[in-house]
Amino acid sequence: MPELPEVETTCRGIAPFVTGKVISEVIVREHRMRQPIPPQLPRILTGQSVYAVTRRAKYLLLQMDHGHLLLHLGMSGSLRIIDKETPPQRHDHVDIVFDEIALRLRDPRRFGMVLWMEIPPLQHPLLRKLGPEPLGDDFSGEYLYRKSIRRSVAIKQFIMNSHIVVGVGNIYASEALFRAGIRPTRAAGRISEKRYVRLAEAIRSVLDEAIRQGGTTLRDFQQQDGRPGYFAQQLEVYGRQGEPCPACGSPIKAVTIGQRSSFFCTKCQR
DNA sequence: AAATTCTCCTGAAGGC
DNA sequence: TGCCTTCAGGAGAATT
């Protein structure tokens with residue numbers, strides 16, 4: 001499930017292969033994504049050059065001659081650089097073909113998105129109201145504290161809210177709260193600024209470490225099989241219900257918050 | 001405005 | 001062994 005580190009790793013992984021290249025063909029085998037892929041997309045994209053590949057939140061943006069192509073990987077999406085003759089497998093929905101290679105989108109659950117935008121991407125409704133990047137300069141404990149005042153929502157839901165801060169998915173929310181010693185069920189408005197400083201640093205470090213690990217497996221973007229190694233990161237609490245806390249040995253507890261599974265140590269996190 | 005619920009989909013895991 | 005059921009989850013949309 002692509003979280004921000006995987007999207008960032010994907011961004012860095014594909015950029016060298018597609019930047020400066022001209023699209024020769026676009027093949028859409030399955031148009032039923034989160035939003036249907038319009039039939040005219042291949043015609044629109046063919047002949048355009050890719051100027052840059054960037055990321056905002058978990059959205060990938062391919063800057064083209066006449067607009068931007070937005071890609072979202074949803075729950076199960078992945079992008080690979082392949083030889084353009086590589087036969088598609090089940091769930092390989094879109095190929096963006098360049099000279100000898102293609103950028104191939106695979107997404108079994110089809111929660112992903114492929115969207116052509118002719119306005120400045122940051123003005124698009126999907127991107128306009130997003131909070132700061134967790135690895136950027138606008139994100140801090142002081143910022144989180146300021147936004148949390150009088151908010152009763154659970155802190156885990158608060159940091160997963162993309163209007164507050166982008167890119168914190170279910171796995172890393174649990175991990176960051178463990179590092180910060182904050183119980184995921186605690187009301188956002190009942191946390192001190194000092195603890196928010198620690199939480200912001202935890203979010204930053206957990207995402208940064210995951211990106212560093214992903215960076216070691218960039219070559220995987222040329223392969224067809226095998227998942228990139230960014231799942232390799234040691235997760236301290238996520239999915240470890242009943243296992244001993246790495247800090248104190250108490251059993252890790254699982255609860256559901258906002259219809260999402262959450263994991264924490266009842267002793268280390270208050 | 002804020003909080004909550006619903007929805008999309010299919011692979012994986014668990015039960016019998 | 002195999003079939004059936006349940007679950008997970010990003011995030012926009014709808015609802016309260």
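Residue numbers begin at 1 in each chain, while the letters A, B, ... track the order of the sequences.
- Here the closest heavy-atom approach between residue Ala176(A) and residue Val206(A) is recorded as CB-CG1, 4.2 Å.
- Side-chain contact, Ser262(A) with Lys156(A): a donor N or O sits under 3.5 Å from an acceptor N or O.
- In this structure, Phe158(A) reaches neither bases nor backbone, as no heavy-atom distance under 4.0 Å exists between it and the strands shown.
- In this structure, CE of Met33(A) is placed 16 Å from P of dG10(C), rounded to the nearest angstrom.
- The side chain of Ser261(A) has dA8(C) as its nearest neighbour among dT10(B), dA8(C), dG10(C).
- In the region residues 116-134 of chain A, proximity to DNA chain B at under 4.0 angstrom, judged on heavy atoms, holds for none of the residues.
- Residues from residues 138-146 of chain A lying near DNA chain C, meaning a heavy-atom separation below 4.0 Å, are absent.
- Within 3.5 Å, no donor on the side chain of Arg109(A) pairs with an acceptor on the base of dG10(C), nor the reverse.
- For the pair Gln241(A) CD and dA8(C) C1', the computed distance is 14 Å after rounding to whole Å.
- For Arg150(A) and dA1(B), the CZ to C1' distance is 12 Å, given to the nearest whole Å.
- The CE-P distance, from Met75(A) to dT10(B), rounds to 13 Å in whole Å.
- Shown here for Val7(A) and Arg55(A), the closest heavy-atom pair between the two residues is CG1-CD, 3.8 Å.
- Each of Met113(A) and Thr256(A) has a nearest nucleotide on DNA chain C; the 5'-most of these lies closest to Thr256(A).
- Closest non-hydrogen pair, Ser49(A) versus Val22(A), comes out as OG-CG2, 3.5 Å.
- Counting non-hydrogen atoms of neighbouring residues, nucleotides and ligands closer than 6.0 angstrom, the NZ atom of Lys84(A) exceeds 12 such neighbours.
- Atom CG of Asp137(A) has 12 or fewer heavy atoms from other residues, nucleotides or ligands within 6.0 Å.
- Between Tyr172(A) and dG10(C), a side-chain N or O to OP1/OP2 separation shorter than 4.0 Å is absent.
- Ranking dT10(B), dA11(C), dG10(C) by closeness to the His91(A) side chain, first place goes to dT10(B).
- Rounded to whole Å, the distance from CD on Gln259(A) to P on dA14(C) is 17 Å.
- Contact annotation for Arg90(A): backbone-only contact, meaning every heavy-atom pair under 4.0 Å involves sugar-phosphate atoms and none involves a base.
- dT4(B) atom C1' lies 15 Å from atom CE of Met160(A), rounded to whole Å.
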Report task. For side-chain contact (heavy atoms from CB on, under 4.5 Å), just list the numbers for Arg106(A) and His93(A), CA-CA rounded to whole Å, side-chain angles, deciding distance to a tenth of an Å, and then say yes or no. Result -> CA-CA 6 Å; Arg106(A) 175 183 176 80; His93(A) 302 319; over 6 Å; no
Query - Test side-chain contact (heavy atoms from CB on, under 4.5 Å) applied to Val50(A) and Lys21(A), step by step - result: CA-CA 6 Å; Val50(A) 178; Lys21(A) 299 273 180 64; 5.6 Å; no
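- The nearest whole Å value for the distance from the CG atom in Asp107(A) to the P atom in dA11(C) is 13 Å.
- When the nucleotides dG10(C), dA8(C), dT5(B) are ranked by their closest atom to the side chain of Phe111(A), dG10(C) comes out on top.
- For dG10(C), the OP1/OP2 oxygens have no side-chain nitrogen or oxygen of Ser162(A) closer than 4.0 Å.
- Contacts of Arg34(A) with the nucleic acid, taken as non-hydrogen atoms under 4.0 Å apart, include base atoms.
- A salt bridge is absent between Arg179(A) and Glu175(A): the closest approach of a Lys/Arg side-chain nitrogen to an acidic carboxylate oxygen does not fall below 4.0 angstrom.
- No donor-acceptor contact under 3.5 Å links the side chain of Arg151(A) to the base of dA3(B).
- Between the CD1 atom of Ile171(A) and the C1' atom of dA8(C) there is a distance of 10 Å, rounded to whole Å.
- Over its full length, the helix from dA2(B)-dT16(C) to dC16(B)-dG2(C) turns its helical axis through 50°, comparing axes from the five pairs at each end and rounding to 10°.
- A 6.0 Å sphere centred on CZ of Arg29(A) holds more than 12 heavy atoms belonging to other residues, nucleotides or ligands.
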Requested in this report: Apply the test side-chain contact (heavy atoms from CB on, under 4.5 Å) to residues Cys245(A) and Phe178(A): give CA-CA distance (whole Å), side-chain angles for both, the deciding distance (0.1 Å), then the verdict.
Outcome: CA-CA 10 Å; Cys245(A) 165; Phe178(A) 174 74; 3.7 Å; yes
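- The side chain to side chain contact (heavy atoms under 4.5 Å, CB included) test with Tyr59(A) is passed by exactly one of Leu126(A), Leu71(A), Val166(A): Leu126(A).
- For Glu133(A) against Phe139(A), the heavy-atom pair with the smallest separation is O-CB, 3.4 Å.
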